[in-house]
Amino acid sequence: MAEVLVDFRSDTLTRPSPAMREAMATAEVGDDVFDEDPTLHELQAEVAARFGHEAALFAPSGTMANQIALQLAVPRGEELLCDAAAHVVTDEIGAAAALGGVSTRTWPSAAADLDPATVADMIRPDGFVAVPTRAVAVEQTHNRLGGAVIPLPTLQALRAVTTDAGVHLHCDGARIWHAHVADGVPLDVYGRLFDSLSVCLSKGLGAPVGSLIVGSAERIAAARKLRKRLGGGMRQAGILAAAGLYALRNNIPRLAEDHDRARRLAEAMAPAGVVDPARIRTNIVPLDLSGTSIDGPAFAAAAREQGILVSVLGRRLVRLVTHMDQTDEGIDHAVKVLPAVLG
Ligand SMILES: Cc1ncc(COP(=O)(O)O)c(C=O)c1O
């Protein structure tokens with residue numbers, strides 16, 4: 001088996017840098033269940049301010065951050081609308097239904113082409129029988145849709161639709177930093193559009209752990225209680241918050257490099273008809289192998305022989321994700337050998 005030269009499976013694979021570890025080692029800490037961790041306070045205040053909201057709460061994972069926000073917005077037995085490939089409904093082990101009693105209805109996935117009028121038509125008012133719609137969730141950028149960025153005017157139109165209907169608007173912003181870098185939209189402009197966001201420090205920004213729920217002071221106070229109920233109350237988590245602060249302050253602008261590398265990979269694979277480079281805006285490159293003679297597992301195995309790790313998402317779908325722990329040499333190697341793997 002060849003030595004691993006480059007790992008494209010996920011941008012969660014990054015390891016804390018020496019400078020980040022130094023920040024963690026020297027962090028001031030306290031017990032966060034007592035709400036006494038000064039470094040967490042600093043992180044939460046900084047994230048809230050960056051998104052133009054009153055408050056934020058640290059959570060151990062993106063899944064917990066999303067599910068807390070959604071459970072607060074949707075009473076049991078009532079409804080969340082999102083797209084069919086949204087992480088909140090597809091990749092969180094059924095948490096919305098299993099833990100929150102949330103009923104979900106989806107529109108067909110097409111993040112960049114999301115149609116607010118379709119969502120408006122789906123919203124159901126309260127009544128005697130029908131399940132009332134309480135929240136709409138979008139994903140920015142969209143993981144399963146190849147890191148697609150929802151354009152700002154679309155989000156603004158969706159905000160108008162949800163405001164008119166009196167429905168909560170949530171953003172799964174695990175990679176909202178990538179959208180901010182790709183489209184140049186300030187984080188607070190995104191932030192003010194949503195009633196709640198979840199944002200992640202360990203997907204592309206290089207921190208080892210942590211997401212935050214962002215919203216009003218009242219919502220975040222409720223989120224703190226629900227986090228505790230779910231077992232997410234942490235003690236000296238300032239060690240993790242220090243890594244998060246380091247990530248926020250140092251690792252956002254460099255995402256442009258990950259986006260350029262993703263585009264380079266897509267351009268190298270495009271002649272095989274597996275990806276349209278024009279659709280690659282951020283750090284995720286999905287390869288649709290349906291027009292080739294190789295399937296996902298065989299592609300991944302052949303890439304592995306060349307020291308390259310990729311994720312298999314379906315029989316004919318693989319995914320490459322760029323991140324800060326990759327090197328120019330690794331990318332050069334992939335650009336050289338992966339097109340040959342496709343034959
Ligand atoms: C868009 C999106 N949202 C939420 C999550 C969940 O994050 P976690 O793995 O920290 O629970 C992920 C994880 O990859 C994701 O890609």
Look only at the side chain of [X] and the backbone of [Y], and say whether a donor-acceptor pair between them is shorter than 3.5 Å.
X	Y	value
D172	A137	no
S10	L13	no
D83	S109	no
R319	V310	no
T39	A242	no
T90	A84	yes
R263	P277	yes
R134	A73	no

Partners meeting salt bridge (Lys or Arg N to Asp or Glu O under 4.0 Å) with [X] (sequence neighbours left out):
X	value
R105	E79
R261	E257, D328
R249	E42, E46
D188	R192

Which atom names give the shortest non-hydrogen contact between [X] and [Y], and what distance separates them?
X	Y	answer
D37	A237	OD2-N, 3.6 Å
D183	P151	OD2-CA, 4.4 Å
L317	P286	CD1-CB, 4.2 Å
P132	D126	CG-OD1, 3.6 Å
E139	R144	OE2-N, 4.3 Å
V167	T133	CG2-O, 3.6 Å

Handout entry: Sole residue of K203, R175, H323, Q326 in side-chain hydrogen bond (donor to acceptor under 3.5 Å, both in side chains) with D11
Key = R175
Donor-acceptor pairs are to be reported for all side-chain atoms of residues 95-103 against protein atoms at under 3.5 Å, with residues two or more places apart or in another chain.
none

Would you say the side chain of [Y] lies within less than 4.5 Å of the side chain of [X], judging by non-hydrogen atoms?
X	Y	answer
H170	S198	yes
N251	L255	no
I68	M64	yes
L43	L201	yes
V119	L114	yes
R15	D325	yes
V181	P253	no

[X], [Y]: one ILVMFWY side-chain cluster at the under-4.5 Å cut-off?
X	Y	answer
L5	I331	no
L309	V275	no
I294	M269	yes
L187	F58	yes
F194	W107	yes

Kindly compute the distance separating [atom1] ([X]) from [atom2] ([Y]), expressed to the nearest 0.5 Å.
X	Y	atom1	atom2	value
L265	I280	CG	CD1	9.5 Å
D7	S311	CG	OG	8.0 Å
L226	I220	CG	CD1	11.0 Å
R227	Q71	CZ	CD	14.5 Å
D113	L145	CG	CG	9.5 Å
E36	R235	CD	CZ	10.5 Å

Exercise for the section: Let me see the working for K228 and D32 under salt bridge (charged side-chain N to carboxylate O under 4.0 Å, His left out), right down to the final yes or no. Expected result: CA-CA 11 Å; K228 185 75 177 94; D32 182 48; over 6 Å; no
Problem - Any donor-acceptor N or O pair under 3.5 Å, side chains D258, T322 - result: no
Evaluate whether atom [atom1] of [X] has more than 12 neighbouring non-hydrogen atoms of other residues, nucleotides or ligands under 6.0 angstrom away.
X	atom1	result
E78	CD	yes
E218	CD	no
R229	CZ	no

Practice task
Quick one: which residue pairs count as a side-chain hydrogen bond (donor to acceptor under 3.5 Å, both in side chains) with a foot in residues 333-343, not counting sequence neighbours?
Solution key: none
Any ring pair (Phe, Tyr, Trp, His ring centres under 6.0 Å) involving [range]? Give me the pairs, sequence neighbours left out, ordered by first then second residue.
range	answer
residues 8-55	F51-W177
residues 200-259	H178-H259
residues 278-301	none

Exercise for the section: Report the C-alpha distance between L155 and L169 in whole Å, list the side-chain angles of each, state the deciding distance to 0.1 Å, and finish with yes or no for side chain to side chain contact (heavy atoms under 4.5 Å, CB included). Expected result: CA-CA 10 Å; L155 292 175; L169 185 58; over 6 Å; no
Fill in the blank from the handout: Residue pairs passing the salt bridge (charged side-chain N to carboxylate O under 4.0 Å, His left out) test with at least one member in residues 157-169, sequence neighbours excluded, are R159-D195
Problem - Any pair counted as salt bridge (charged side-chain N to carboxylate O under 4.0 Å, His left out), so long as it reaches residues 269-278, sequence neighbours left out - result: none
Handout entry: Candidates T141, L197, V185, V149 - the one meeting side chain to side chain contact (heavy atoms under 4.5 Å, CB included) with I176
Key = L197
Exercise for the section: Before giving the answer on side chain to side chain contact (heavy atoms under 4.5 Å, CB included), spell out for L342 and L289 the whole-Å C-alpha distance, their side-chain angles and the decisive distance to 0.1 Å. Expected result: CA-CA 9 Å; L342 286 171; L289 305 176; 3.6 Å; yes
Listed pairs under 3.5 Å, donor-acceptor, residues 206-216 side chains, sequence neighbours left out:
from : atom 1 : to   : atom 2 : distance (Å)
S211 : OG     : G62  : N      : 3.2
S216 : OG     : R219 : N      : 3.1

